[in-house]
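Take a look at the structure below.
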There are 2 protein chains.
Amino acid sequence: MRANIKDVSQAAGVSIKTVSRVINNERYVRPATRARVEEAMAALGFQPSQAARALAGGRSFQIALVCSNPGPYYLHGLIGGLRGRCAAEGVRLIVHAYETETDELGADVLGFFRQMGFDGAILTPPIADNEPVLDELERAGTPYVRISPGAQLDRGPSVSIDNEGAARAMTRKLIDLGHRRIGFVVGHEGFSVSRQRLDGYLNALRECGVTSDGALIRQGWFDFRSGQAAAEQLLALKERPTAIFASSDDMAAGVLSVAHQQALRVPRQLSIAGFDDTDLASLVWPGLTTVRQPIREMAEKAAELLFSGSDERVVMPAELIERASTGPRPA
Amino acid sequence: MRANIKDVSQAAGVSIKTVSRVINNERYVRPATRARVEEAMAALGFQPSQAARALAGGRSFQIALVCSNPGPYYLHGLIGGLRGRCAAEGVRLIVHAYETETDELGADVLGFFRQMGFDGAILTPPIADNEPVLDELERAGTPYVRISPGAQLDRGPSVSIDNEGAARAMTRKLIDLGHRRIGFVVGHEGFSVSRQRLDGYLNALRECGVTSDGALIRQGWFDFRSGQAAAEQLLALKERPTAIFASSDDMAAGVLSVAHQQALRVPRQLSIAGFDDTDLASLVWPGLTTVRQPIREMAEKAAELLFSGSDERVVMPAELIERASTGPRPA
DNA sequence: TTGAAAGCGATACCAA
DNA sequence: TTGGTATCGCTTTCAA
């Protein structure tokens, strides 16, 4: 049987409260006593029960990461960014990935949060904008940090990039390169960043006096396949775009794959731009520019806000990354 | 304050034991009684405390996924495959991603497992081969399922693919295409699958009477950069390989990116092969063949084994995926 | 089919 | 600096 706190207290000849003090690194324990207790703990291979600590202490030593249908790089960046701080704080990371499609209202997530007091939560779109979920969290007194919120903006701490601004800058860059027909692949409808990025694109066109053409705007779903589908449609237009801006990395990769296929016949005529949670996609097409969304750094920052109890709203810089200075220009 | 089981029992006019029976869906509760209790639970917004259930019941309602430096697709596949079953079983998924490099012995993981009884664990390489960790798990009576184990093979349930066989088949395919100088990028040294895949490559060469050349074999670390580095070295050889087989998807993508760069000068002379946790990389190079490791399906299977208590050792089929039937042949 | 009461293993207030 | 003891909210015998 596993040793418990009582066994340790007896072995060390102290009360359980003193053992508890040692476990929690509290003050008011004489060094000699502490040493004796630690010795006993080691000898018995004692590890405190998380369940008991959670019940008695009202802390679960767990935080939740909630995200919907995350792409591989996004998920990887989030977990990579959270990992270190969680370990340092002695806290477990519960990953709750759920289907947006089958649970539009977030009922699943609501149930998830009602079930037990987490010590904190990291929320990503679109659940980050879900009012009932935020209400529930606040009611339960669970601190949370939102990543890229798009609604309820005056509510609690968050980390984001300036999506509209980044998309605008990217579009302007394409315009500066001489492009006038720029295809745009919109992200998933349920995510507010999709709208923000589209707005950036439209605003840049308007500001630069470029007429926008609805035929150049295609709905995507943040995934590879929808990027492919959009690219196929765009490249089949009578008046082809000379550049395509896909508003996520998976979609950009989809566009890229189509471009590669078509490049067998029409090589490298196309500028491609994308939002990017990594730098993988940015290396396989000469005329590629991406807005790097520093998702890992955003997650790190989110962890920092969560554990420090800050309620800052942090906007991180998004970097425009050009792989080839010799990107193609339209004929 | 949150309602607890006692509040419910009073509201429903029954004992807490009866409420407990309802919570746990036990038999021997009269339908009418059950209905009354459920009504009271709903009225009070009652949700049982996980901590209390865990403490009293000896179950944590949590399983752990332990993996080291997982690549984006691998991680995504694992979580995607585990998600559904966990939700169905009412169990949380704790993701413990750790650094292989800073913790060669798995001490971190050992501490992790000692801390609390999980209801189960999914282990990936290289920790899946760590004897002390397996010992600890068995001592604590925590069921586990290993993915792609490479040691302690007669121990507990597992899910894998035939890595040696798949690598051999792939190599033979390249040989059949006429390739004689086939570069190979080895995976991370700490992972037994790396050795298995290398063996498959070497065995195929031997069986087909192709002389193996040490200069064509490069050490990689399963990541993009090491794939690039290896490709650069291989393509700088006096006697260039006509094909490169990278034994992971991230490395294959790295090889690909270098090939694309060089293709500006020497277009599409190279066959590329890779192991693949997705199908993304397989779409951007005409002469690409991959062994698809069905990691998501493997994770699903692992969850099934874990929750059913089976101790099967499942070997899943790995598929050879050719994107372009017109893959290049050496001159 | 239901209930009373004894834990589970920590935390935390209040004394000493 | 330490210790006694109530307490957290549920599960689980054992009776009834």
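Residue numbering restarts at 1 for every chain, and letters A, B, ... go by the order of the sequence lines.
Atoms CG (A:Leu55) and P (D:dT11) sit 12 Å apart, rounded to a whole Å. The CZ atom of B:Arg59 sits 13 Å away from the C1' atom of D:dC10 (whole-angstrom rounding). Whole-Å rounding puts the A:Lys6 NZ to C:dA10 C1' distance at 13 Å. Nucleotide D:dA16 holds its C1' atom 16 Å from the OH atom of B:Tyr28, rounded to whole Å. Between B:Gln10 atom CD and C:dG3 atom C1' there is a gap of 14 Å when expressed in whole angstrom units. Put simply, CZ on B:Phe46 is 8 Å from C1' on D:dG9, counting in whole angstrom units.
Counting only heavy atoms from C-beta outward, the side chains of B:Glu304 and B:Glu312 never approach each other to under 4.5 Å.
For B:Asp311 (side chain) and B:Gly156 (main-chain N/O), no donor-acceptor pair under 3.5 Å exists by modelled atom type. Under the 3.5 Å distance criterion, the side-chain polar atoms of B:His76 are matched with a main-chain donor or acceptor of A:Pro70.
The residue B:Val14 sits close only to the backbone: its heavy atoms come under 4.0 Å of sugar-phosphate atoms, none of a base. Residue contacts for B:Val29: at a heavy-atom cut-off of 4.0 Å it reaches the sugar-phosphate backbone alone, with no base atom in range.
Of the candidates D:dT2, D:dG9, D:dG3, the closest approach to any side-chain atom of B:Ile5 belongs to D:dG9. Among C:dG9, C:dT1, D:dT11, the nucleotide with an atom closest to any side-chain atom of B:Ile23 is D:dT11. Here the nucleotide nearest the side chain of A:Thr18, chosen from D:dG3, C:dG3, D:dG9, is D:dG3. Of the candidate nucleotides C:dG9, D:dC10, C:dT11, C:dT11 has the atom nearest to the side chain of A:Arg53.
Ionic pairing of B:Arg155 and B:Asp129 is not present here: no N-O contact between side-chain nitrogen and carboxylate oxygen is shorter than 4.0 angstrom. With salt bridges taken as basic N to acidic carboxylate O contacts below 4.0 Å, one links B:Arg296 and B:Glu300. A salt bridge does not link A:Glu39 with A:Arg36: none of the charged nitrogens is closer than 4.0 Å to a carboxylate oxygen.
The CG atom of B:Leu93 sits 5.5 Å away from the CD1 atom of B:Ile63 when rounded to the nearest 0.5 Å.
Judged by distance alone, the side chains of A:Gln62 and A:Gln50 never bring a donor and an acceptor atom under 3.5 Å apart.
For D:dG3, one of the phosphate oxygens OP1 or OP2 lies less than 4.0 angstrom from a side-chain nitrogen or oxygen of A:Ser15.
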Collect all protein-nucleotide pairs involving nucleotides 12-16 of chain C in which both atoms are nitrogen or oxygen and the distance is under 3.5 Å.
residue	atom	partner	partner atom	Å
C:dA12	N7	A:Lys17	NZ	2.8

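Against DNA chain C, the stretch residues 30-37 of chain A makes no heavy-atom approach under 4.0 Å.
Partners of A:Phe222 by ring-ring contact (aromatic ring centres under 6.0 Å, His included), not counting sequence neighbours, listed by chain and number: A:Phe191.
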